[in-house]
2 protein chains.
Amino acid sequence: MSTRKPRPTQTGRVTLSEIAERVGTSAITVSRVLNTPHLVSEELRTQIEGVIAELGYMPNRAARALARARSDSVAVLIPSLSNTVFTQLLEGVRDVLNRAGYRTLIGDTRYSPEEEESLLRAYLEHSPDGILITGFDQTAATRELLNRSRVPVVHMMEMTDGDAYSVGLEQFDAGRAITRHLLERGYRRIGFLGAQLDPRVLERLAGYRAALHDAGVNYPVGELLDSTPSSIGLGATLLDKLLRQAPQTDALFCCNDDLALGVLFECQRRGIRVPQQLAVAGFNDLAPAAWVHPALTTIATPRYEIGHTAAEMLLQLMKGEKPEPAKKDLGFSLVVREST
Amino acid sequence: MSTRKPRPTQTGRVTLSEIAERVGTSAITVSRVLNTPHLVSEELRTQIEGVIAELGYMPNRAARALARARSDSVAVLIPSLSNTVFTQLLEGVRDVLNRAGYRTLIGDTRYSPEEEESLLRAYLEHSPDGILITGFDQTAATRELLNRSRVPVVHMMEMTDGDAYSVGLEQFDAGRAITRHLLERGYRRIGFLGAQLDPRVLERLAGYRAALHDAGVNYPVGELLDSTPSSIGLGATLLDKLLRQAPQTDALFCCNDDLALGVLFECQRRGIRVPQQLAVAGFNDLAPAAWVHPALTTIATPRYEIGHTAAEMLLQLMKGEKPEPAKKDLGFSLVVREST
DNA sequence: TTGTAGGCGTTATCAG
DNA sequence: CTGATAACGCCTACAA
């Protein structure tokens, strides 16, 4: 029994060996109490558990990760932390992953594929067991990194061809659906307000154009695109611009609720009656949409469920299972309220 | 030269030894190229850098953390991810910490000290180099954990006595300030709407009461407290309740902008003129406050700056420096708009 | 059911 | 400036 006496550790934290020494057993047995308790005799186990509690032992994740070659962590890349669309997505993700014992490394890409690439590079150093990423707008290098890392990946928010795993909705269809709703209501000079111009917004724009086209309507003067981030203030600004550029517009599809709220508030300020003089539709169905006056017609998107489902799919992949189907379309719903 | 040939690793990832072998040097030298390049000769360095790039080498953080006994990560505990107050706080935190090379482990406590304790327990396993935590409402066990871990901690959002490091604002003073504003405007039957009832809300309530008391006003029937989470919808509900309970109320201080917006929208719906029939004040100055109609009087709180400053303070602590002063009051400002 | 040996990938230490 | 050696704390594999 040449047991080297374990000295206090570098960090001052209690280690398995110290516990083992106290109990008069070996580190591996203490490890078993933590990971496979059924493999340890009742007696030893309760004794060890006592000392663990007494000493306030706390496993060292770095050591565990190194030994097991997995980290029990998942990297989650979203465009923005200040957009509730993505924080709700995150909540769905975390409710699933935390329960399953995973930590999430959250990265916000600021809507930039380059930033996304650099975040991914950084997070791969942590050997994540899985990756959740927003959309399909990755740089070539990002794709390369994802492939070479051999870590399971699930894409969120959009659907696509390809053979990637994904959970989302058809942004194109949603944009078309709400535009059709406006057409059905009898509006014809239907404008579009777009900001940020990320791929999902562009899909919605394409859906809007398709709906108009299908209806034999053409209203290019009503399109206003701005690549700066969405905000309520920008909605107000864009409305002002639009009314100069195309005063005859009778309905407006805003690429998200923030813009739409800005438009609504600006209409209130100017005394423009909604929907009588101008109908307004948004996208996402954020919390204020149901409460503003008039209440906002919009597309409800299942953010929480997308996060939840994507995380579940990733869990399967991390277990080595093949999720079926590989793509889940969680749909959307048109919520007609007073503003159209 | 009994160099064991390094086999492909467990994870399939390139390691320092493999690079070393390729170059005909040792792992430690490769490590130096990464960490202290000035200690390696120009020639060897460029050669090694070439192979690193060629093979797409990626350091293993777990191994590094284990060897260095620090993780380059910081745990950040906030009450909620779906409240923009805290996501803005987070952005301030991350802008500083990411730049300094730290990762953030984000935990949302759901406003529960018990949940906070369990998150802290979990995150301590990662050996964070520092901890940012919201407020001072910790369980005894949490305090014990923080002390024993000997990890630097900075508290955010509130000020307090004690000797803890903190960056925040005096919630009491802010609540008192906006109430005084209402008093100055001539309102006397000033109600208070509170939700969630976390410590910061209770401080604001205390400030409200103090202001009334100082003015010789007493209006207990106007206080409505609800421990469920804040939301626009709850604001509408509480207004309804309040108008039954205290119809003579002439002004309302809502503990945050969400409630205030709900109140405003409900007033619009009912045709209650703001501020003529009822003045409404909020707290935080969230984005919509400036744009709703009438625009909302509120208290602007420096969330981003608090996160930023707290992170800088933590950085100092992690370097072993003593930040001066230990408590930073970043203040608030009264933003008077149309609703009062 | 328990323990021994050895390694995970990196870095600190100290020698050359 | 470079390298050999020995950790870091835990776990896998195998043996007893």
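Within every chain, numbering begins at 1; the chains are lettered A, B, ... in the order of the sequence lines, protein sequences first and strands thereafter.
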Trainee: Ignoring the backbone of S31(A), work out which of dG9(C), dC11(D), dC10(D) is nearest its side chain.
Mentor: dC11(D)

Trainee: Find the distance R70(B):CZ to dT10(C):P and express it as a whole number of Å.
Mentor: 16 Å

Trainee: How long is the line joining CG of L66(B) and P of dA12(C), in whole Å?
Mentor: 12 Å

Trainee: Do R110(B) and D198(B) meet the salt-bridge criterion of a basic N to acidic O distance under 4.0 Å?
Mentor: no

Trainee: Run the side chain to side chain contact (heavy atoms under 4.5 Å, CB included) test on Y57(B) and V51(B) for me, step by step, so that the C-alpha distance in whole Å, both residues' side-chain angles and the decisive distance to 0.1 Å come before the verdict.
Mentor: CA-CA 8 Å; Y57(B) 168 76; V51(B) 178; over 6 Å; no

Trainee: Taking CD in E43(B) as the centre, count heavy atoms belonging to other residues, nucleotides or ligands within less than 6.0 Å. Is the count above 12?
Mentor: no

Trainee: Applying salt bridge (charged side-chain N to carboxylate O under 4.0 Å, His left out), name anything that partners R303(B), two or more places apart in sequence or on another chain.
Mentor: none

Trainee: Give the nucleotide from the list dG7(C), dT11(C), dG9(C) with an atom nearest to the side chain of N60(B).
Mentor: dG9(C)

Trainee: Output, in order, the C-alpha distance, side-chain angles, deciding distance and verdict of side chain to side chain donor-acceptor pair (under 3.5 Å) for S127(A) and R13(B).
Mentor: CA-CA 10 Å; S127(A) 319; R13(B) 246 159 75 178; 2.9 Å; yes

Trainee: So how far off straight is the helix from dT1(C)-dA16(D) to dG16(C)-dC1(D), going by the axes through five pairs at either end, to 10°?
Mentor: 30°

Trainee: Let's see if you can work this out: which of dT11(C), dG9(D), dC10(D) has an atom nearest to the side-chain heavy atoms of L16(A)?
Mentor: dC10(D)

Trainee: Please write out each protein N/O paired with an N/O of nucleotides 1-3 of chain D under 3.5 Å, distance rounded to 0.1 Å.
Mentor:
unit_1 : atom_1 : unit_2 : atom_2 : d
dT2(D) : OP1    : S41(B) : OG     : 2.8
dT2(D) : OP2    : S41(B) : N      : 2.8
dG3(D) : OP2    : T25(B) : OG1    : 2.4
dG3(D) : OP2    : S26(B) : OG     : 3.4
dG3(D) : OP2    : T29(B) : OG1    : 2.7
dG3(D) : N7     : R32(B) : NH1    : 3.1
dG3(D) : N7     : R32(B) : NH2    : 3.4
dG3(D) : O6     : R32(B) : NH2    : 2.3

Trainee: What's the separation between atom CG in L132(A) and atom CD1 in I306(A), rounded to the nearest 0.5 Å?
Mentor: 12.0 Å

Trainee: With side-chain hydrogen bond (donor to acceptor under 3.5 Å, both in side chains) as the test, pick out the partner of T139(A) among E116(A), E114(A), E144(A), E117(A).
Mentor: E117(A)

Trainee: Report the distance from atom CZ of R64(A) to atom C1' of dG9(C), rounded to the nearest whole Å.
Mentor: 18 Å

Trainee: So with a 6.0 Å cut-off around CD of E42(A), is the heavy-atom count from everything else above 12?
Mentor: no

